[in-house]
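Below, read A as the first sequence line, B as the second, and so on, with proteins coming before strands; counting in each chain starts at 1. Only heavy atoms go into these numbers, but all of them, side chains included; no hydrogens, no water, no symmetry mates.
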Amino acid sequence: MMAGVGGGNDFQWCFSQVKGAIDEDVAEADIISTVEFNCSGELLATGDKGGRVVIFQREQESKNRLLSRGEYNVYSTFQSHEPEFDYLKSLEIEEKINKIRWLPQQNAAHFLLSANDKTIKLWKISERDKRAEGYNLKDEDGRLRDQFRITTLRVPVLMPMDLMVEASPRRIFANAHTYHINSISVNSDYETYLSADDLRINLWHLEITDRSFNIVDIKPANMEELTEVITAAECHPHQCNVFVYSSSKGTIRLCDTRAAALCDRHSKFFEEPEDPSSRSFFSEIISSISDVKFSHSGRYMMTRDYLSVKVWDLNMENRPVETYQVHEYLRSKLCSLYENDCIFDKFECCWNGSDSAIMTGSYNNFFRMFDRNTRRDITLEASRENSKPRAMLKPRKVCTGGKRKKDEISVDSLDFNKKILHTAWHPKENVIAVAATNNLYIFQDKIN
Amino acid sequence: ASGAQGPALVEGVGLGMAGADSDDSLYPIAVLIDELRNEDVQLRLNSIKKLSTIALALGVERTRTELLPFLTDTIYDEDEVLLALAEQLGNFTMLVGGPEYVHCLLPPLESLATVEETVVRDKAVESLRKISHEHSPVDLEVHFEPLVKRLASGDWFTSRTSACGLFSVCYPRVSSTVKAEIRQHFRTLCSDDTPMVRRAAASKLGEFAKVLELEYVKSDIISLFTALASDEQDSVRLLAVEAGVSIATLLPQEDLETLVMPTLRQAAEDKSWRVRYMVADKFSDLQKAVGPEITKNDLVPAFQNLLKDCEAEVRAAAANKVKEFCENLPEDSRETIIMTHILPCVKELVSDTNQHVKSALASVIMGLSTILGKDNTVEHLLPLFLAQLKDECPEVRLNIISNLDCVNEVIGIRQLSQSLLPAIVELAEDAKWRVRLAIIEYMPLLAGQLGVEFFDEKLNSLCMAWLVDHVYAIREAATCNLMKLVEKFGAEWAQNTIVPKVLGMANDPNYLHRMTTLFCINALSEVCGQEITTKHMLPVVFKMSNDQVANVRFNVAKSLQKIGPVLDSNCLQTEVKPVLEKLASDQDMDVKYFAQEAISVLSLA
C-alpha cells in the first residue's frame, strides 16, 4: 500500500538526484517551466524558459548497483522553440515552453508535443546505432578516388556505431491561437489533441497541421465585457468524448464532444458555493484555478487554486469531495503577495500512479503531498542541503502563530522567490520530479 | 528469365558497353549510389527515384544480397525519401530476378510498414499488396503470410495497423488452414487495446469481408462489425458505418434485416454527432446497398431524422444528399415519398439557422426539379428557390445561381428571372471581392440560359462595371468573362456591344483602366477574329504605344506579341513591326525588353 505520503509508516522519501547548475545567479533561460514523465516513466522531459527541452532516461537497473535504483540521465537535449516576433501585432513571442505532453509510444521512437505561447510542435526522439560505410567516389576519409579506377560498384554497408539520439521536429501546429496557450492534452483516441488559450480551445488531428477545430470560444463580442478566462484544459483519460476546462472564476466545465461540434454548452458545471464569511478583496484572485488534472482512473479530477487543492468526483458538481490546504498560513499575507505578484503564480498539481496521493508545490522550495486515504499530509523541501545520495527528506513545518518551535520556519522567513510550480509523479512508482527554479530534483521512496 | 534479362537491360539504360571492365560507364551509377547517403535530401531523393537504374547496373544477384539489405536498415530518412523508397519497391520484382525472388522485397517493405508516418506506412502497404500478387501460392504461404502474422502480432501499433491492410490480399490464395489463422488474426486486431489498430481494422473490415466466404461473413464479420459499431471510441464507431455499407452489399436481401440493419439503425441514432454525420455522408451508398424495400421502410424515416438533426454538421451532410437520395428512391413510390416525407424537411432547411446547412441544400435543391417534373416544381420548389435567392448569405444565393441549368430544363429560366436579377446585382456589388469573383464565373452560364436579349438589357452593364473594379482579380476575371461571352454570342455581338466600350477605356485617365483595355484585347482578339482585331483593336493598341506610362507601353508590346498570330503577315510587317521597333528603342528597360521579345517571337527581326 502506498499510504505513506511520508512520515515513515511505509516508506520515506529520499533524495536521488539533482540536475542543473549550482550557481547562485540563475540565468532566466534556465528556469524550468514544465516537467512531464512519459507513459512508462522511463523518460522524463523538462522544458525551460529558453525554449529547450531536456529528456532524461532512466538507467537500467544493474545487479551490482542494487542501491542505485535507476537514475535518470540526460538522453537528449534540443531547442524546441525560438524567440519570434509577430510583425502584425508588434508582439514578441517568447520561446518559453509552457507545456510538454508525451504521446503513447507507437514504435521504437518516442514522440512529444511541446508548446510555447502560440505554437505547438510534435517532436520525434529516436535512436540510431548504425552507420553506412563505403563510398564509390571517395575513400572513407573523404579523399576523392580517380573516377577511371572505378571497376566495380560498391553498395554501402551498415556498420554498428555508438548510439546516437536524434530529436527531429515532425509537425508544427501554428497560427491557431490568438492568446497564450496554457494547456495541451492528448485525447484517448490517440489521434487528436486539444490546445487551450485564455479564451478558446482548439481540437487538432495529430497528423494535420493546417487546420484545427475551435470547440470552445468564450470571447465576448465586446472585450470590455470579459469577466472570465480559461486557465487549463484536459481530456478525460479514457472517454474520448469528454474534456474539462477550468476558469479564472474557480469553476470547471465538463463538455461532451458527442453532443455538438461546438462545445459552447457544457454538460456539467463544477462549482463550490463561496463561503460569505471568508469573502475578501482577494477572493476572486485566489479562487482562480491554475491547474486541472483527471485521476488515472478517470473518476475524479483535481484542481489547484492559490491556497488549496480540491478533488472532485465527476458525479458530483456542487462541491469537491476532498479539499486540502496547501499553505493556509498565507491567507493573512495575501496583501503583500498581491503586491509582489506572487498571488498570480500558477501552481500545478499531480496524482500518483494509483490516485491515492497528490502532490503540489508551494514557496520556499517546499512541496506538499496529501494521502487521500489517511488524510495525512507532509511538507518536503527541495534543497541542495540534504542532497546526499539516499538522504532521507525531513518533513518541514511552517510556524502558524504562537511560539515557533524548534525546526519550524516562520512565515515571514519564507523565500517567495523560491517557488515550486511544476512537479511530476512517475506513473507507476514512487519517483517524483520537482522543478525548483533552474534545478530538477528527483526523489524516490525508500522502503523501511 | 531473369538471368537473360540482366545484361540486356543494362544496355537499355544507356550505359554503353556494359560490363565490369568498362570504367566510365560505371561512373554515373557510382554517383547515384554515393548520393543515396548525401546530406542533401534532394540528392538522396533523386537517387532513390532512380533506384531501378542502380539495381539494373548491380544485377539481380547483388541487388538481392547487397542493395536490399542496405535499404532495409535505412529507415531513418526523411519522410519523402522513405515514401519514394516504398513506392519504388512496389515495382522492383523484375529487378530482383522476377516472381521467383519477389519475397526478397519483403524485409525492406516490412520495416517501412512500421514507421510512424502514416503516408509512408500506407505506401509500404500498397506496395506489399501489389507484390503479393506476384508471389506464387507457395511463396505466399512460406514468405508473405508469415510477414503478415509478424506485423499483426508486432509490439507497436504501427505494425499492427499495417497488417490490417494485408489480410484481404493473401486470404483468397492460401489454404483453408491458413485462412482460419488469418481470420483469427483479424479478429484479434478488431479487439486490439489501442484505438489506432481498431480504427485500421474497422476501415479494412469491408474490404476483408469481400474476400471471405459468405458463411464466414455471416459468422465472423457480422460479430466484428457489431462489436466495432459499439466501440467506446467515437472514431472507431464512425468507421464501422462504412464497413456496414460494404457488408450490406455482400449479404442476400433476406439476411440484411437481421444481420446489419439493427446496427446501422443504431448508428443513425448514435449519441455522437460524428457517427451520425458519417451515416448522413454515406447515405446514398447505404441506400444502394440495402435496396428499395429497406429504403422505403427504414431509410426514409432515418433520413428525415438526419435532416432534422440537432447538430448543424449532420444536417448539412444530410442536406447534401437530398438530391441523390431522392433520385435513388424506387420509381413507383418516388414522388409520394418526396412530397410527403422529404419535402417538408427540405422546406424547414431553407430557413435553417446555420448557413452551411442552407448552402449545402442550395447546392443540390435545384436537382429536385428534374425528379419532380414541371408542375410540382412550379408549385412547391419555386417558392423555395426564390426564398434562397434572397437569403442573407451570399454562398446560398451563389449555389442556387450556379445550378440554374437543372431548372432551366424543366420550367425554363423565365419563371425565375424576376427574382434572379436583383440577386445577381446584389452579388455583383457585394463588398467581398471573392463573392463578386464567384458570380462573375457564372456569368457565361447565366448568359447562355437567359439569352442575348435579356443579357444586353440587364447584365451587360454589370459585366462592364467589373472591368473597372478596384480589385485586380475582379478586373482579370471580367476580361476572361468577356471572352467567354463572345464565344457564346459571337463576334458580331461583340463588335456591336462590348468592343466599343472596351476601346473607349483606352482614353481613361487612370492607367490601370487603360491597361484593362489591353488585357481585354488580348483575351478578345482570337474569338473576335482577324477583321475586328485589325480594323478596330489594332489602331487603339498602336495609339497606346505612345502612352506616357511605361507599364502601358510594355503591355502594348506584350499585347502585340499576343495578337500577332491573329493578324496577317502584311499587317505584321508594315504596321506592327515599326511600332515594336520604336518601342525597342524606348528609354524604359522593361518596354525595350518586351518589345524585343515580341519581335523575336513574331519573327520580325
Residues of residues 271-280 of chain B contacting chain A, heavy-atom criterion under 4.5 Å, by residue number
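Only B/K271, B/S272, B/W273, B/R274 of residues 271-280 of chain B have a heavy atom under 4.5 Å from chain A.
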side-chain hydrogen bond (donor to acceptor under 3.5 Å, both in side chains) involving B/K204 - partner list, sequence neighbours excluded
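B/K204 satisfies side-chain hydrogen bond (donor to acceptor under 3.5 Å, both in side chains) with no residue once adjacent residues are dropped.
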To check you understand the geometry: which heavy-atom pair defines the closest contact between [X] and [Y], and what is its length?
| X | Y | result |
| --- | --- | --- |
| A/V155 | B/I33 | CA-CG2, 4.4 Å |
| B/E313 | A/A261 | CG-CB, 3.8 Å |
| A/A132 | B/F70 | CB-CE1, 3.7 Å |
| A/D189 | B/Q233 | CB-OE1, 3.0 Å |

Identify whether the distance between the nearest side-chain nitrogen and carboxylate oxygen of B/R37 and A/E133 falls below 4.0 Å.
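Salt bridge flag = no for A/E133 with B/R37.
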Side-chain contact test, heavy atoms from C-beta onward, threshold under 4.5 Å: evaluate it for A/R170 versus B/E117 and give yes or no.
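Of all side-chain heavy-atom pairs linking B/E117 with A/R170, at least one is under 4.5 Å.
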Mind checking ring-ring contact (aromatic ring centres under 6.0 Å, His included) for B/H356 and listing every partner two or more places apart, or none if nothing turns up?
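Not a single residue meets the ring-ring contact (aromatic ring centres under 6.0 Å, His included) criterion with B/H356.
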Tell me every residue that passes ring-ring contact (aromatic ring centres under 6.0 Å, His included) with A/F269, counting only those two or more places apart in sequence or in another chain.
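Testing A/F269 for ring-ring contact (aromatic ring centres under 6.0 Å, His included), a comparison that skips the adjacent residues, returns A/H266.
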Mind checking the CD-OG1 spacing from A/Q106 to B/T161? Nearest 0.5 Å is all I need.
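The OG1 atom of B/T161 is 9.0 Å from CD of A/Q106, to the nearest 0.5 Å.
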To the nearest 0.5 Å, tell me how far A/N136 CG sits from B/I29 CD1.
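Answer for the CG-CD1 pair, A/N136 versus B/I29, is 10.0 Å.
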Check: B/D234/A/N241 side-chain N/O donor and acceptor closer than 3.5 Å
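Note: B/D234 and A/N241 side chains miss the donor-acceptor criterion.
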